[in-house]
Enquirer: 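Have a look at the structure that comes next, please.
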Amino acid sequence: MAKDKKPNKLKARLPRGFVDRTADDIRSADDMIAKIKAVYEHHGFDPIETPTFEYTDCLGKFLPDTDRPNAGVFSVQDDDEQWMSLRYDLTAPMARHVAENINEIQLPYRTYRVGYVYRNEKPGPGRFRQFMQFDADTVGAPGVQTDAEACMMMADTMEALGIERGNYVIRVNNRKVLDGVMAEIGFGGDEHAESRLTVLRAVDKLDKFGPDGVRLLLGEGRKDESGDFTKGAGLSPENVEKVIAFTDGTLEMDNDGTRELATMQAIFDACGYGEDRIKIDPSVVRGLEYYTGPVYEAELLFDVTNEKGEVVQFGSVGGGGRYDGLVKRFVGRDVPATGFSIGVSRLMTALKNLGKLGNESMVAPVLVTVMDGDVDSLGHYMKMVQDLRAAGVRAELYQGNWKKFGNQLKYADKRGCPLAIIQGSDEKARGIVQIKDLEEGKRLSAEIEDNATWRESRPAQVEVPLAEMVDTVKKMLADQAADRETVRAATK
RNA sequence: GCAGUCGUAGCUCAGUUGGUUAGAGCGUCGGAUUGUGGCUCCGAAGGUCGGUGGUUCGAAUCCACCCGACUGUACCA
């Protein structure tokens with residue numbers, strides 16, 4: 001054999017912008033989803049699920065670009081040459097579902113859905129190419145009372161997740177108001193659609209760059225930290241000031257949009273949702289494409305620090321609005337709709353910071369160790385495991401090489417097992433088992449330096465008759481849980 | 001996409017003006033210890049020095065291009 005018989009090892013690597021989820025993450029996410037679901041169900045919404053793939057033309061009018069069919073979305077061609085894409089939000093697929101079943105669905109249709117969505121764009125801290133959204137929508141409801149309800153439900157959801165009042169705010173605006181502002185600065189007609197977008201994008205960055213940064217973007221342009229230059233909207237100085245005056249509330253408008261906002265405000269007042277929960281804010285822009293009326297977003301107000309300890313601008317964790325034209329694309333007649341989306345993945349990172357994540361992580365299983373590997377013994381050990389499970393105790397049998405007993409406890413230690421059950425032939429002959437408290441043993445290990453003593457003293461280990469094993473285990477686990485609770489209370 | 005910074009072991013990093021066979025700590029695995037985690041000691045495995053080409057007697061080191069990561073910015077339905 002040649003000595004360099006090393007074939008090129010395949011490099012194991014995760015596609016960028018994607019993450020593997022740990023056990024803790026999954027449990028936390030499940031916990032969050034359950035809480036959000038409870039709020040939506042309570043408000044009278046029913047679940048629906050659509051697939052992750054859709055025909056590209058059903059997702060939007062934008063794709064695929066023939067040169068770059070994967071720009072923004074992940075697209076593939078089916079074997080009949082049709083373009084399919086991974087969904088980039090949950091709203092467009094829902095609109096497709098409603099349109100396809102419009103004759104069977106009773107409108108207004110109140111529905112929620114949760115799932116992963118995919119975006120083929122540059123990932124960043126807290127921005128991934130696969131992430132989870134949780135949406136609720138009402139289709140076939142023309143009045144702004146539906147939008148108002150959505151805002152209040154978003155507020156309720158934040159609180160259900162443990163975010164205290166004052167730590168979040170739902171900000172509301174209306175696209176029709178923004179259209180009025182565009183008309184004011186002479187960007188009214190269709191021929192100015194592109195310029196309008198530039199202006200709206202600039203306004204959207206108010207929280208990121210502040211009024212002065214937005215002034216630059218509305219005017220000549222702005223240079224970023226790396227020295228790269230971004231071209232501005234090219235507005236005249238007086239128009240720049242007009243837009244800024246509107247966003248800070250100095251310039252008041254009077255049009256359909258402001259009247260709709262007034263109605264919504266009246267509903268918030270009637271229901272007791274004050275400005276500490278829902279606030280009308282003229283700088284909210286939100287999705288630039290299909291929104292036609294009210295738009296709203298949920299913003300977190302507490303500081304979020306990343307793993308490096310830096311405070312990061314977190315921005316919105318969810319948002320939505322009215323999209324009266326989305327279903328119409330399919331059915332031809334007006335089907336008004338409004339709804340919002342919560343970014344589960346983003347919210348989860350924020351909640352982790354706030355310590356509001358269910359981090360009472362699952363206790364590892366009790367480990368039944370194996371001293372003898374003969375058929376009878378294996379059956380006997382497995383029966384011990386089953387007895388523990390039948391009593392509601394999370395338990396497992398050691399599945400590695402049983403001949404190295406030290407490794408079994410090493411495994412139990414690293415896995416975080418609370419207890420280990422030991423029964424060799426001696427114990428078996430006497431009808432007893434050893435129950436080792438691994439947590440207590442870890443504490444004792446600090447006082448023992450010599451390995452021989454450490455092994456012989458068998459710290460934190462009790463002997464009980466086999467018949468009492470289950471009860472003793474349950475009692476020891478309960479004691480450990482109580483200890484953890486005391487420690488947690490003390491550190492608060 | 002544009003701009004900036006950076007790529008050496010699984011991880012964190014050292015590596016002199018360009019000079020033998022590229023090192024350390026941590027981690028992993030084995031042993032000291034056929035039936036007891038931790039500590040300690042001993043040993044081992046682990047590297048296309050991001051890639052390709054060039055300069056040179058000689059390149060981890062210098063040059064060019066490419067790839068990748070990070071940060072900012074743009075886009076984000």
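Protein chains get the first letters and strands the later ones, always in sequence-line order, with residue 1 at the start of each.
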Enquirer: Under 4.0 Å between a side-chain nitrogen and a carboxylate oxygen: does that hold for A/R96 and A/E54?
Expert: yes
Enquirer: Expressed as a whole number of angstroms, how long is the span from A/N451:CG to B/U36:P?
Expert: 9 Å
Enquirer: Using a 6.0 Å cut-off, check whether atom CD of A/E220 has over 12 heavy atoms from anything other than its own residue.
Expert: no
Enquirer: Strictly by Watson-Crick or wobble contacts shorter than 3.5 Å, is anything paired with B/G68, and which nucleotide is it?
Expert: B/C6
Enquirer: Is any side-chain nitrogen or oxygen of A/K410 closer than 4.0 Å to OP1 or OP2 of B/U28?
Expert: no
Enquirer: Base, sugar-phosphate, or nothing: which does A/T369 touch, judged by heavy atoms less than 4.0 Å apart?
Expert: nothing
Enquirer: Do A/R222 and A/F209 form a cation-pi contact, if we require the NZ or CZ to be under 6.0 Å from the six-membered ring centre and within 45 degrees of the ring's axis?
Expert: yes
Enquirer: How many Å lie between CZ on A/R430 and C1' on B/G35, as a whole number?
Expert: 14 Å
Enquirer: Side chain of A/R119, base of B/C75: donor and acceptor closer than 3.5 Å?
Expert: no
Enquirer: With a 3.5 Å cut-off and just heavy-atom distances, do the side chain of A/K208 and the base of B/U73 make a donor-acceptor pair?
Expert: no
Enquirer: When you get a sec, tell me which of B/G35, B/C75, B/U73 is the closest nucleotide to the side chain of A/D224?
Expert: B/U73
Enquirer: Looking at every strand, decide which applies to A/K442 at a 4.0 Å heavy-atom threshold: base, sugar-phosphate, or nothing.
Expert: base
Enquirer: Closest approach to the side chain of A/Y88, judged atom by atom: which nucleotide of B/G37, B/A77, B/G35 is it?
Expert: B/A77
Enquirer: Round to the nearest Å and state the distance from A/D437 atom CG to B/G37 atom P.
Expert: 15 Å
Enquirer: Might you work through the side-chain contact (heavy atoms from CB on, under 4.5 Å) test for A/H192 and A/L197, ending with a clear yes or no?
Expert: CA-CA 9 Å; A/H192 293 117; A/L197 281 184; over 6 Å; no
Enquirer: Looking at A/E49, I'd like to know if its CD atom is crowded, meaning that more than 12 non-hydrogen atoms belonging to other residues, nucleotides or ligands lie closer than 6.0 Å.
Expert: no
Enquirer: Under 4.0 Å, counting only non-hydrogen atoms across every strand here, what does A/R87 touch: a base, just sugar-phosphate, or nothing?
Expert: nothing
Enquirer: Base, sugar-phosphate or nothing for A/K404? Non-hydrogen atoms, less than 4.0 Å.
Expert: sugar-phosphate
Enquirer: Take the protein atom CZ of A/F405 and the nucleotide atom P of B/G35, then report the distance between them rounded to whole Å.
Expert: 8 Å
Enquirer: From CH2 of A/W454 over to P of B/U36, roughly how many Å is that when rounded to an integer?
Expert: 12 Å
Enquirer: Check the surroundings of atom NZ in A/K474: do more than 12 heavy atoms from other residues, nucleotides or ligands lie under 6.0 Å from it?
Expert: no
Enquirer: Could you let me know what B/U40 is paired to, Watson-Crick or G-U wobble, both distances under 3.5 Å, or none if it's on its own?
Expert: B/A32
Enquirer: Regarding A/K403, tell me which of base, sugar-phosphate or nothing describes its non-hydrogen contacts under 4.0 Å with the strands shown.
Expert: sugar-phosphate
Enquirer: Paired with B/A24 by Watson-Crick or G-U wobble geometry, both distances under 3.5 Å: which nucleotide is it?
Expert: B/U12
Enquirer: Using a heavy-atom cut-off of under 4.0 Å over every strand shown, decide if A/F209 touches base, sugar-phosphate, or nothing.
Expert: sugar-phosphate
Enquirer: State whether the distance check finds a donor on one side and an acceptor on the other, under 3.5 Å, for side chain A/R455 versus base B/U33.
Expert: yes
Enquirer: Quick one: label A/L444 by what it contacts on the DNA or RNA (base, sugar-phosphate, nothing), any heavy atom closer than 4.0 Å.
Expert: nothing
Enquirer: With a 4.0 Å cut-off on heavy atoms, is A/Q461 in touch with a base, just the backbone sugar-phosphate, or nothing at all?
Expert: base
Enquirer: Heavy atoms only, 4.0 Å cut-off, all strands: where does A/E427 land among base, sugar-phosphate and nothing?
Expert: base
